[in-house]
Amino acid sequence: MLERAEGHSAAVCRGYLRFFATRSTAEQWTGWQADLSGAVLDQVEAERLGAEIFSPLLTAPAQ
């Protein structure tokens, strides 16, 4: 489920996005975060989610 938030994208995403070179590195890092919830996404999933979140920012306003 995607929760809607208001504000600049950097403010909305800060603290929620992490980028890793490999899935194993990401999974290792998440194992160190006891209070972390969420999921490790592969590139296709991350691109889909990024488009869902940010596509409204990239479309030209109606004139």
Side-chain angles (χ1 to χ4, degrees):
M1 181 171 104
L2 179 63
E3 292 183 29
R4 300 288 178 208
E6 300 207 13
H8 296 287
S9 60
V12 171
C13 294
R14 183 179 30 127
Y16 298 98
L17 295 177
R18 302 286 190 275
F19 297 92
F20 298 91
T22 66
R23 177 176 283 276
S24 63
T25 303
E27 290 171 348
Q28 182 180 37
W29 184 86
T30 59
W32 297 333
Q33 313 304 314
D35 60 341
L36 182 70
S37 64
V40 174
L41 305 179
D42 64 27
Q43 184 172 351
V44 171
E45 295 166 323
E47 288 177 13
R48 182 202 53 77
L49 184 58
E52 185 177 335
I53 293 169
F54 296 108
S55 63
L57 300 173
L58 302 174
T59 55
Q63 296 187 357

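In this text, all values refer to a predicted model and were calculated from it rather than measured experimentally.
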> In Å and rounded to the nearest 0.5 Å, what is the CZ to CG distance from Arg48 to Leu41?
8.0 Å
> Which residues pass the side chain to side chain contact (heavy atoms under 4.5 Å, CB included) test with Gln43, sequence neighbours left out?
Glu47
> Could you give all pairs that pass the ring-ring contact (aromatic ring centres under 6.0 Å, His included) test and reach residues 30-52, with sequence neighbours left out?
none
> Just by distance, do the side chain of Thr25 and the backbone of Ala21 share a donor-acceptor pair under 3.5 Å?
no
> If you take all heavy atoms of Val40 and Ala26, which pair is closest and at what distance?
CG1-CB, 3.9 Å
> So, for Val44 and Asp42, which heavy atoms are closest and what is the spacing to 0.1 Å?
N-OD1, 3.1 Å
